[in-house]
Structure formats: structure tokens, C-alpha cells
2 protein chains.
Amino acid sequence: MQFKDHKPIFLQIAELICDEILGGKYPEGERLPSVREYAAEVEVNVNTVVRSFEWLSQKDIIYNKRGMGYYTSLGAKETVRESLREAFFQETLPEFVGQMQKLGITVEEVEQAMK
Amino acid sequence: MQFKDHKPIFLQIAELICDEILGGKYPEGERLPSVREYAAEVEVNVNTVVRSFEWLSQKDIIYNKRGMGYYTSLGAKETVRESLREAFFQETLPEFVGQMQKLGITVEEVEQAMK
DNA sequence: TTTAGTGTATTAGTTTAATAGTACACCGCA
DNA sequence: TGCGGTGTACTATTAAACTAATACACTAAA
């Protein structure tokens with residue numbers, strides 16, 4: 001897997017899993033691949049995936065069953081969706097608008113480029 | 001100065017200088033503060049500012065006069081502007097649109113939030 | 001009970017960014 | 001010439017992220 005260099009890999013993996021949950025790959029209560037499997041899949045060290053899973057656990061997106069593995073929490077999809085929507089409107093959008101103003105880019109230019 | 005933790009400080013400083021050039025603070029051919037001055041201003045180590053200045057030199061945005069200091073290049077403002085516009089249309093905008101689609105956010109919602 | 005697959009814990013080493021302090025060559029100017 | 005301000009080079013240290021390898025307790029299933 002390709003990672004961007006400016007952001008910790010374990011966070012990029014956590015976000016990837018969020019995207020997969022959002023895309024329906026792991027329905028609520030579904031078991032995720034083990035840390036060793038996932039590490040092999042994205043070609044990364046096991047410890048890095050452990051950090052990603054712990055990060056997601058802390059956000060109540062997944063949880064652990066001792067000796068069995070990690071499972072998606074109830075309402076995980078909605079949790080992820082809400083979390084990302086909030087980040088979009090509170091951070092991404094203002095940043096986006098700020099850049100537009102700074103560079104003198106009009107709404108029309110954006111609409112034109114979006115096609 | 002406040003720095004974000006996920007991005008190298010020397011890059012954030014370089015971008016800050018780009019913004020200042022864009023804002024007209026350092027016209028073409030104008031001398032920048034010395035590395036020591038700038039380091040004191042943003043409360044950072046001298047070596048970090050050195051890296052920022054070297055990074056900007058490599059992009060032909062500023063240049064060095066031996067024993068005298070750094071100066072903005074001819075066309076620096078336009079160089080910065082073009083560079084940022086390209087990044088906007090090639091990276092920021094596609095990423096923005098991708099997030100909208102992923103989260104099911106409509107153009108109307110964005111327009112509403114922008115007010 | 002044994003076995004294989006879980007997560008977890010620990011230790012060690014590498015890399016990159018940043019800090020800190022020092023020394024040096026260059027330049028303008030008094 | 002000599003002084004003070006430039007950038008530059010160098011070494012050392014710290015912290016975070018990542019890699020690597022190992023050991024261990026837990027669980028389900030044979």
C-alpha cells in the first residue's frame with residue numbers, strides 16, 4: 001500500500017478502515033481481519049496495525065473480544081459518518097474556502113474545474 | 001507561534017513565508033529577516049529556519065546574497081501564486097470533492113454552510 | 001487436553017524532525 | 001583594518017514513528 005509521508009501510517013490505516021466501514025465492507029458486529037492479517041495486507045509492521053486498532057477502539061468504532069479479535073461496534077458506520085461530516089464542515093470546508101480567498105479563486109472556477 | 005503537529009515545522013514556516021509574500025509583506029527583491037531574526041520571531045531553532053529558507057531557495061522563491069541575507073526572487077509572488085493554484089486544482093479540490101461524495105454531502109449543503 | 005489463532009507486552013534498533021551550541025567564512029561599513 | 005551581522009557547517013541530543021523479533025495469556029475447536 002502507498003502511504004503519504006506527512007501523516008503517521010497508523011492514522012492512515014485507521015482512516016482506511018473507517019472508509020471500509022463506511023463502504024459496507026465490515027457491517028456492524030462483523031469481525032475484522034486480525035492484526036497479523038491486516039499487517040500483511042497493507043505491508044506494514046504488526047505493531048503499527050495494533051496502534052491503528054487501539055486508536056479505533058478509543059473512538060468506539062471497533063471493540064475487542066479477548067483471544068478472538070476485533071469487531072465493529074454497534075452503530076460504527078453512523079459514528080464514522082458523523083465524525084467525518086463534522087470534520088468536513090468544521091475543518092475541511094473552512095480551510096477550502098480560506099484557500100479560495102487567498103488565491104482569488106471564484107466559485108465559478110471551482111464549478112468549471114469540477115466537470 | 002502555534003504549529004500543527006502532523007506537519008514538519010520547517011515546512012509550515014516555509015508556507016507562512018509564502019503567504020506573507022502573497023500578502024505583499026516582502027515585495028520582489030526585498031530582503032527577508034535573517035535566519036536568526038526569523039527564528040526568534042516564530043520561536044524556533046535557527047537550524048529549522050535554515051531548512052525553510054533552503055527549501056524556498058530550491059523552489060526559486062527566494063535567493064541568497066553571500067554574507068548579506070535572503071531576498072525574494074523576481075516573480076516570487078507569481079511563482080507562489082501559481083504553485084498554490086496548481087496544488088489547489090490538482091490536489092485540494094479533487095480531495096474535497098471525493099470527501100463530499102464519500103459522505104453524501106450535496107453542493108446545496110456546502111453552499112448553505114458557507115454562509 | 002492440545003493446538004492454532006487471537007490480542008498484548010516487551011525490548012531493541014532505525015529514521016526523521018527538531019533542538020542546542022559552537023565555529024567559520026563572507027560582506028558592508030566605520 | 002576591524003567589527004558586527006550575514007549564511008553555513010558541524011556535532012550532539014531528544015522525541016516520535018516505524019520496524020523487528022520474541023514471549024505470553026486468552027479463546028475456540030479438534
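The structure displayed is predicted, hence computed values, not measured ones. Sequence lines set the chain letters: A, B, ... in the order given, protein chains first and strands last, and positions in each chain run from 1.
B/Lys65 forms no cation-pi arrangement with B/Tyr70, by the criterion of a distance under 6.0 Å to the ring centre and an angle within 45° of the ring axis.
Here the side chain of A/Glu20 pairs no donor or acceptor atom with the backbone of A/Lys25 at under 3.5 angstrom. Between the A/Glu43 side chain and the A/Met1 main chain, a donor and an acceptor come within less than 3.5 Å of each other. Listed for the B/Thr79 side chain is no donor-acceptor partner under 3.5 Å among the backbone atoms of B/Ile61.
Remark: A/Asn45 engages A/Asn47, A/Thr48 in a side chain to side chain contact (heavy atoms under 4.5 Å, CB included) (not counting sequence neighbours). Listed by chain and number, the residues in a ring pair (Phe, Tyr, Trp, His ring centres under 6.0 Å) with A/Tyr38 amount to none (sequence neighbours excluded). Residues that satisfy the salt bridge (Lys or Arg N to Asp or Glu O under 4.0 Å) test with B/Lys7, not counting sequence neighbours, are B/Glu15. Under the rule for a salt bridge (Lys or Arg N to Asp or Glu O under 4.0 Å), the partners of B/Arg85 that lie at least two apart in sequence or sit in another chain are A/Glu109.
Nucleic acid contact for A/Val46: none, since no nucleic acid atom lies under 4.0 Å from a heavy atom of the residue.
B/Leu56 has its CG atom 13 Å from the P atom of D/dG7, to the nearest Å. The distance between atom OH of B/Tyr71 and atom C1' of D/dG7, rounded to the nearest whole Å, is 12 Å. Atom pair B/Asn45:CG and D/dT8:P shows a separation of 15 Å (rounding to whole Å applied). Atom CZ of A/Phe53 is separated from atom P of C/dT6 by 11 Å (rounded to the nearest Å). For the pair A/Tyr70 OH and D/dC26 C1', the interatomic distance rounds to 13 Å; values are reported in whole Å. D/dT19 atom C1' lies 14 Å from atom CD of A/Glu43, rounded to whole Å. Taking atom OH on B/Tyr63 and atom P on D/dT8, their separation rounds to 14 Å, with Å as the unit. Rounded to whole Å, the distance from CG on A/Asn64 to P on D/dT27 is 11 Å.
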Can you tabulate the close N/O pairs, meaning under 3.5 Å, that link protein atoms to atoms of nucleotides 14-16 of chain D?
none

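Taking the side chain of B/Thr48 as heavy atoms from C-beta on, and the options C/dT19, D/dT19, D/dT6, the nearest nucleotide is C/dT19.
Between A/Ser34 and C/dG5 there is no side-chain polar atom (N or O) within less than 4.0 angstrom of OP1 or OP2.
For A/Phe88 and B/Phe96, the ring centers are positioned less than 6.0 Å apart.
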- What is the per-nucleotide protein-contact pattern of nucleotides 23-29 of chain C, from the 5' end, where B denotes a base atom under 4.0 Å from a protein heavy atom, S denotes such proximity for sugar-phosphate atoms only, and - denotes neither? B--BSS-
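Mapping B/Gly69 and A/Asn47 onto DNA chain D by nearest heavy atom places B/Gly69 closer to the 5' end of the strand. Take the nearest nucleotide of DNA chain C for A/Glu37 and for B/Lys7: the residue whose nucleotide is more 5' is A/Glu37.
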